[in-house]
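Remarks on the structure that follows.
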Amino acid sequence: MNEMNIGRLLRSATTGYVFGCSVPEPEVPHFGMFVKAPAQRGQSEVVGLIYNIAIEDDLFVRQMAATPNLSETYIQDQRANRQVPIEVSVLCVGYRNGGQYAHALPPQPPITLDWINTCADAEVRDFTQRHDYLQLILDAPDAPADELIVAALQRAVESRPPEDRERYRREAGRELAKLLSRDLPRLQRLLKRLAP
Amino acid sequence: MGLELNKVTASVDALGASAARRITDLNQRLPAAKAMLSAIRVDDELMKKIAAARAHRWAGAIPSSENINAVFPLPPHPARLNVIAADGSQIYPDRHGIALYYLINIGSIVFRHGRDEAPATNSTPQVFFEGDESDYAEEAGPINSEMVNAMRDVRELGELASLAVIETETAPTVTLLDNGLLMYISLREHNRDFGEGIITDYLRHLDTLRTCGAIPVGIVDRPRAANVVRLLNLAKMELSEITSDSLQSTGPFAGITDAMLFAFLKPGERSAMFDNAAPDNDRYEKKKHRIFFFYLNAGRPGKDSILRVEVPEWIATDRARLDVAHAAIVEQCRVSDGFPYTLMRAHELAVVTAGERREFEQMVIGSLMRQGIAPSVSQKAQGKQWTGSGKRRYPR
């Protein structure tokens with residue numbers, strides 16, 4: 001996947017941010033996707049994982065949901081003109097300052113209306129060479145940690161050439177075994193999900 | 001102290017009881033009015049009474065060629081139809097504010113039935129201020145809220161006209177206004193020229209709508225008009241009894257509205273067409289835009305929604321285009337439970353919220369400061385800000 005703009009930042013904190021986008025395309029945004037936002041006036045980039053995509057309702061939409069034979073024009077009006085922005089929540093799992101990635105919370109969050117971009121395959125590969133970010137996912141109070149780990153690791157695997165994927169899976173599995181050594185049932189569930 | 005709710009409890013109770021008594025009273029008198037609607041005969045005698053009443057500026061309903069108690073079922077909806085709606089919102093001028101200005105925001109939506117695409121939506125704000133050469137209407141003296149309302153109404157119709165010119169090229173096009181089409185302006189003597197200008201512009205937009213082949217419709221939700229009820233009362237009177245004084249009330253039908261009278265309409269049905277005898281309509285007639293009206297139940301079984309629908313004469317007398325308007329309104333209301341969807345959306349696009357109003361004021365403050373002007377509100381407005389931001393109340 002190449003880098004692309006997928007929305008603008010609505011609000012942020014050190015641990016995560018929320019960006020808005022219009023009607024989702026089939027491929028973006030999706031759960032577990034690596035995204036990045038500029039911070040510190042462009043000095044750094046905050047890397048995050050999408051963990052929630054929320055489409056809000058309102059009384060108008062509720063009324064329409066109960067209407068039979070709704071034509072496509074009404075639906076398109078609600079989707080394309082009214083239900084924007086769709087709110088996408090991101091968990092911060094690291095940042096890049098200069099050429100180096102750090103698997104830690106960023107020194108400063110991105111600011112309102114900054115562009116949010118998807119991470120290209122090469123960036124995902126670079127960022128996921130180490131596995132320290134997994135601890136940040138496990139510690140996140142609001143994100144569905146296990147589902148997010150599986151989705152993120154699958155994305156990391158897909159970003160690699162086929163001949164390298166099995167090795168990467170084994171390394172990630174070993175890292176998870178270290179992190180979850182005291183919770184074997186949970187570890188077992190995760191490893192099962194990661195199996196090709 | 002502000003409003004001490006405990007001191008109005010008795011009045012609120014009395015209000016509720018009064019409303020209940022009024023409903024009981026109206027329900028007792030309504031059958032007689034309905035019977036009159038069925039019994040009334042449109043003959044020379046009635047037309048003489050109407051002519052006599054009009055000499056006294058009577059604002060009743062004049063029967064059209066349709067039987068006055070006729071009911072018209074829902075016609076089929078065209079496969080392809082454009083519906084355009086426009087609505088306006090405003091910030092009124094405030095002489096206690098930081099600067100004298102006002103704002104009009106027009107929201108519009110072009111909804112293309114039969115083309116599965118998102119409607120085109122738009123919102124056009126315009127700011128007017130002292131010294132602005134565009135359209136401040138300074139010559140008319142200090143601008144007031146009624147003048148702003150009139151300017152907003154004209155702009156709503158203007159927006160519909162300019163969009164209709166484009167959309168009528170592709171399909172039959174109904175334009176919806178969230179108001180009656182007959183615009184009432186009651187301005188004082190010194191604003192007469194302003195009022196003339198407004199009506200001239202309004203009629204010019206109706207000209208455009210007629211020329212391009214659009215179907216303009218004004219919709220009044222929960223109408224309180226009693227034009228047809230006035231006709232019923234007039235029919236009961238002797239010709240010799242018709243005077244300015246006797247026409248002031250609706251006699252035995254006092255308090256009854258046309259909407260109550262036509263509550264027998266089933267969902268989808270419309271009433272007969274009537275000509276509005278209001279003297280203001282004469283101005284429209286000169287330009288061949290005399291305004292007619294009918295009532296329509298745009299609700300569903302179990303939830304009626306009686307709307308008053310106003311159309312110009314050139315639609316009222318064109319049954320094919322009238323049917324298109326009828327079908328379009330009912331379809332629009334089906335989705336939004338009794339009021340046209342596109343009008344709801346146009347309102348949503350136009351409305352200036354309290355928050356937006358505050359933000360706009362901040363923009364004005366910034367602009368004044370950049371020009372070296374220290375903006376300030378009047379002391380009266382300042383006092384309101386001090387006392388209205390959050391009342392302190394101590395338990396006693």
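No hydrogens, no waters, no symmetry mates; every other heavy atom, side chains included, goes into these values. Below, read A as the first sequence line, B as the second, and so on, with proteins coming before strands; counting in each chain starts at 1.
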Can you tell if the side chain of B/Asp116 reaches within under 4.5 Å of the side chain of A/Gln76, non-hydrogen atoms only?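 Side-chain contact under 4.5 Å: no.
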With a 4.5 angstrom heavy-atom cut-off, is it the side chain or the backbone of B/Arg334 that approaches chain A, or both, or neither? both
Heavy-atom distances under 4.5 Å only: say whether B/Ile109 touches chain A with side chain, backbone, both or neither. side chain
Near [X] [atom1], under 6.0 Å, is it more than 12 heavy atoms from other residues, nucleotides or ligands?
X        : atom1 : answer
A/Arg41  : CZ    : no
B/His347 : NE2   : no
B/Ile365 : CD1   : yes

Quick one: does any side-chain atom of A/Thr73 pair with a main-chain N or O of B/Ala118 as donor and acceptor, under 3.5 Å?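 Pair absent, no side-chain N/O of A/Thr73 close to backbone of B/Ala118.
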Can you check whether B/Pro119's main-chain N or O pairs, donor with acceptor, with A/Asn81's side chain at less than 3.5 Å? yes
Heavy-atom pairs under 4.5 Å with chain A - which of B/Met344, B/Glu331, B/Arg345, B/Glu117 has more of them than the others? B/Arg345
Output the distance between atom CZ (B/Phe111) and atom CG (A/Asp77), rounded to the nearest 0.5 Å. 6.5 Å
Does the pair A/Arg82/B/Glu348 count as a salt bridge with the N-to-O cut at 4.0 Å?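 A salt bridge links A/Arg82 with B/Glu348.
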Parallel, tilted or perpendicular for B/His113 and A/Tyr74, by the 30°/60° rule? perpendicular
